[in-house]
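Reading through the structure tokens given below for one structure.
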Amino acid sequence: MDYQFRTIEKKWQKFWASNQTFKVSNTSNKPKYYVLDMFPYPSGAGLHVGHPLGYIASDIFTRYKRLKGFNVLHPMGYDSFGLPAEQYAIQTGQHPAITTDTNIKRYREQLDNIGFSFDWSREIRTSSPSYYKWTQWIFMQLFNSYYNTDMDKAQSIESLIAKFEQNGSEGVHAVSDEDASNFTAADWNHFDEERKQVELLKYRLAYLRESSVNWCQALGTVLANDEVKDGVSERGGYPVIQKKMMQWSMRITAYAERLLEGLDTVDWPEPLVEMQRNWIGKSIGASVKFEVADRQEPTFVEVFTTRVDTIYGVSFVVLAPEHELVASLVKAEQQQEVDQYIEQTKKKSERDRMADTRSVSGAFTGSYVLHPLTEEKIPVWIADYVLAGYGTGAVMAVPSGDQRDYLFAKHFNLPIIKILDSQQLEEEADSRKEGVYVHSDLINGLTYEAAVPVLIKELEKKKAGKAKINFRMRDAIFGRQRYWGEPVPVYFKNETPYLIKEQELPLLLPEVDKYLPTESGEPPLGRAKDWKYQQMYEYELSTMPGWAGSSWYWYRYMDAENDRVFASKEAVDYWKAVDLYIGGSEHATGHLLYSRFWNKFLKDIGVVKEEEPFKKLINQGMIQGRSNFIYRLLDENGTGTNTFVSYGLLQQYKTTALHVDVNIVHNDVLDLAKFRSSRPEYENADFILEDGRYVCGHEVEKMSKSKFNVVNPDDIIAQYGADTLRMYEMFLGPLEQSKPWNTNGIEGVYKFLRKFWKLFHDPQLNFHVSDERPTKAELKSLHKIIKKVEDDIERFSFNTSVSSFMICVNELTDLNCNKREILQELIVVLSPYAPHICEELWELLGNEAGSLSYVSYPKFNPDFLIENEFEYPISFNGKMRMKLNMSLSLEPDDIEKEVLNNEDVQRYIDGKQPKKVIIVKGKIVNIVV
RNA sequence: GCUGAAGUGGUGGAACUGGUAGACACGCAGGACUUAAAAUCCUGUUCGCCCUAAAGCGAGUGCGGGUUCGAUUCCCGCCUUCAGUACCA
């Protein structure tokens, strides 16, 4: 029989499913191993060839680990809440649950076609009530907790109430809002219920606070930064402004230090760890208070600075235009200018404000603050380069040390004060800390190291500042003005939020007539009829963000069907943490940070054991699209014709480029017949060919429908089979690297599998293996691959394994090897990569069907690889010129003698005495002349 | 802007710890088989120079420098592309 991948692959996929080959138990005497993939969002477009890249890698790893004797948990599910389904619902009226369900079915079929060894009995969907019940449950725990800084962990809000009842706010060390009040126990006990709740909310880990959002009035909704382009909505082009809104938030900043420390304990790619460190952004500095001048009531502008040493260089203070003090600081004569500036700022997104460092803008408030050390009057400005959400939303501007402050000072003619004797300030700010201070009163003549403690001490003495650690990370906003997400299990009584009862979970997503905001601008849930808690109280109308469901899902896989807890204690104790997590680096700061945060919280409340959820993490690169172009000939008026010019002839013609569907292009050559029949207007198209072919241009772009570069794995599988797809995706290059998809090399992988198949068959394709003893050469080839694949998989270098398999099969083909002893072991080594063909041949060899998944990986024997000769490359001045075969037992001195006595070597050095001969045994000889 | 990553033949890539640059494939060219095509097999294929050929010479891993007997690999400066940047997931 020839290699019939269609029959073989269907046969084994069916076998695995009906025998539950990959169902895994929560108890085993084997060691456990947990391999997790980042689960997909089931989009309407279906899987494209980029999605399975990581899944194939993790499946190879999983199958390999099974062969190595581990009990492996390898589950899959769907992150099925999200915007695209909602967008589609808005357009079509179709309920997102229905589209989501359809999409999931499609995804499942596509995943099944690839032959993954997932334990599907553990499948989860974040949008199913049985799952989001527990997402809501975790939210409730967060709402019911506060962060105790004495114990450095989250504790129940009840214990905080007990403290308030006994001692008031005194002695409470907790992470809270800035405006948490001070009160005595007596005060607390006299507070009414509402007041108590208001105070408690300032401590809860899930809490309400005002935050700034991109508000689009015309769409009646909040937009993500990337839905906003140049101040207008991407959809519709309506104006977008920055608006403040009450929002649910997560006090992730309470965990900043622990999130930072945990990074030292995980085995993650260093760049990713670095990104998280930068995101958390710990900086050590000082907070300084500037008192507003000429006020009866003392008012302060508080700033955070990492360069308190530059305090004598402050020549103005800048507030973010949204800063709460701005309104009261503006003097009448400046009112108009400031108002105008604030209007202008509202139109800019935060990202625009950060990205634009060239243009300088700002407005003077008319007010002054007093320098805390010199008592001098300092003007207060507002400018959009200061962001409200960063630090305190105010900076002390030091033009001599900070480039943005420098440009601002130059632009508005504000003084630039030199503070270090080494500073060169003619062209730009100089932020170095070298030399000694000048014009700096207390610290004149001191160096940076000496100056900082002096200043901190003085500021503390004057109660004008103190040393402080600041984090760049902000509390995460947890509400979304959307329909297709988890409802927040909260209702309001007199504007105070209360949790519903735990027995009332899940709080189901109600039906609505349209998936749009209400006329009064409330989120879609505002449309739900009679949706009230106990028929009286308003529910929270926003839903949870996309990251809620994905911040704990790896626990649900451990015990996916439990309806009493999110996962049983036994399951959590057994599987502990994820041993290997594979996914895209685009999740570096979002998903991976939130997941770590929730995990730490769950540990604090005692329901999980591990401080870090993902022990080892591998990033897979993005698969980009590789678009193909055709070139339409333009006539003398510049209008398009129906003639297309081949890529190589472009210089001779005036043309315009058009995307062409990559599925009708093969190795950059256009299939003319398919092109003609693709659209009626191309039926009579003419072509100017080169060498009789139409060659297309190409470019790397995002994979998207609009660029006609989407490749569906199903098409590849129909043509070449799943085993070829699996191996080809690995063959494309290193897993971590981003690369464009193209099928140019896929034939080679397909040919390889056919060659492998032929090893087991005679020329007439009858199954035929021999029981003869293998030769030395055959054993060497086998043991080389046993070792190579083991090494490669352990370091996640899957592409190099594929090449090595090719080399191995080429060698065995040349040796005419059909020995059972060799081939049987080779099957096991190859099976993680190409499981279907291997199962089939395994059965043909007479083994029990399906037993291949749980056999042992062959044992490597180094004896078969021992060489006694080596072909030494002989280089002259580092350039390889010739090779000499020598015994590996020769010591460097003997090698030198033998090399220098060689005729060809003598000819090279032309009778001259070599300056130096470098010999690395078993590696190289280098002669310096 | 900030943070992170990547640039090697016509193409995807290999070279794992500073030691033979281009393994393995694709494509292309030539050949075998065939009435023909497909499939399959064989040979060649970094570029340039020289040459009937064998052989030889020179250059070469984004660009410019440096360290070293020796650099794709280490260091400094630049260029280009990609990703993230907090409501896409």
Side-chain angles (χ1 to χ4, degrees), chain A residues 38-41 43 79 81-84 87 213-214 221-228 247 269-272 274-275 277-279 281 350-358 385 389 404 473-482 485 545-547 550 584-591 593-594 619 621-622 624 626 667-669 691 698 700 702 728 731-734 736-740 742-749 751-752 754 791-792 795 797 799-800 802-807 810 871-883 915-918 920 923-929:
Chain A
M38 290 186 186
F39 60 165
Y41 173 79
S43 82
D79 190 11
F81 272 133
L83 259 187
Q87 220 56 270
V213 295
N214 299 313
T221 191
V222 176
L223 297 176
N225 274 335
D226 50 73
E227 294 175 291
V228 185
Q247 298 261 33
E270 196 46 43
L272 196 138
E274 204 50 37
M275 271 194 236
R277 281 208 187 98
N278 285 318
W279 182 269
E350 195 170 82
R351 201 181 300 174
D352 289 340
R353 284 167 64 172
M354 281 189 288
D356 183 10
T357 50
R358 268 179 291 269
Y385 75 86
R404 285 169 315 174
M473 181 168 68
R474 321 195 283 248
D475 278 346
I477 300 175
F478 196 72
R480 298 290 183 266
Q481 274 55 48
R482 310 286 187 189
W547 55 269
S550 60
S585 64
E586 66 271 22
H587 299 285
T589 47
H591 163 60
L593 207 56
Y594 298 134
N619 279 136
M622 299 261 286
Q624 292 142 341
R626 187 177 187 278
N667 281 321
D668 288 338
V669 176
D691 306 327
H698 61 89
V700 173
K702 257 211 171 95
Y728 184 60
F731 187 61
L732 266 183
E736 307 86 348
Q737 233 166 67
S738 288
K739 55 230 158 191
N742 72 80
T743 32
N744 289 356
I746 198 163
E747 300 271 351
V749 173
K751 280 188 206 160
F752 156 76
R754 296 186 51 150
D791 288 352
D792 281 352
R795 66 191 171 98
S797 173
N799 56 323
T800 48
V802 180
S803 302
S804 305
F805 279 125
M806 289 175 173
I807 294 170
N810 287 346
E871 197 173 38
Y872 276 91
I874 313 296
S875 44
F876 296 84
N877 297 330
K879 270 245 172 255
M880 202 274 288
R881 293 298 176 189
M882 64 180 78
K883 289 179 180 176
K915 265 195 212 139
K916 205 175 182 184
V917 181
I918 286 134
V920 183
K923 277 263 163 74
I924 199 170
V925 177
N926 188 20
I927 300 167
V928 188
V929 283

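A, B, ... follow the sequence lines: proteins, then strands. Residue 1 opens every chain.
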Which nucleotide in B:rC87, B:rC24, B:rA14 has an atom nearest any side-chain atom of A:F731: B:rC24
Span that lies between the C1' atom of B:rU3 and that of B:rG12, in whole angstrom: 29 Å
Under 3.5 Å donor-acceptor pair, A:N744 side-chain atoms to B:rC26 base atoms: no
Main-chain N/O of A:G82 paired to A:R482 side chain as donor or acceptor, under 3.5 Å: no
Atom P, compared across B:rG27 and B:rG84: separation rounded to whole Å: 33 Å
Contact nearer the 5' end of RNA chain B, comparing A:P740 with A:I807: A:P740
Same-atom distance (C1') from B:rA6 to B:rC57, integer angstrom: 35 Å
Donor-acceptor contact below 3.5 Å, side chain A:N926 vs main chain A:G878: yes
5' precedence on RNA chain B between A:K883 and A:V928 (nearest-nucleotide basis): A:K883
B:rA25 OP1/OP2 closer than 4.0 Å to side-chain N/O of A:N810: yes
For atom CZ of A:R795 and atom P of B:rU17, their distance in whole Å: 8 Å
Aromatic plane relationship, A:W547 with A:Y594 - under 30° parallel, 30 to 60° tilted, over 60° perpendicular: parallel
hbond_proxy A:Q624 side chain to B:rC82 base (donor-acceptor, 3.5 Å cutoff): no
For atom CZ of A:R480 and atom C1' of B:rA86, their distance in whole Å: 9 Å
Donor-acceptor pair under 3.5 Å, A:K879 side chain vs B:rG60 base: yes
N/O (side chain, A:N799) to phosphate O (OP1/OP2, B:rA14) under 4.0 Å: yes
Parallel, tilted or perpendicular: rings of A:H591 and A:H587 (30°, 60°): perpendicular
Interatomic distance where CZ belongs to A:R474 and P belongs to B:rC2 [whole Å]: 18 Å
Any A:R404 side-chain N or O less than 4.0 Å from OP1/OP2 of B:rC2: no
Length of the line joining A:L732:CG and B:rA14:C1', which is rounded to integer Å: 14 Å
A:Q737 CD to B:rU81 C1', straight-line distance once rounded to whole Å: 13 Å
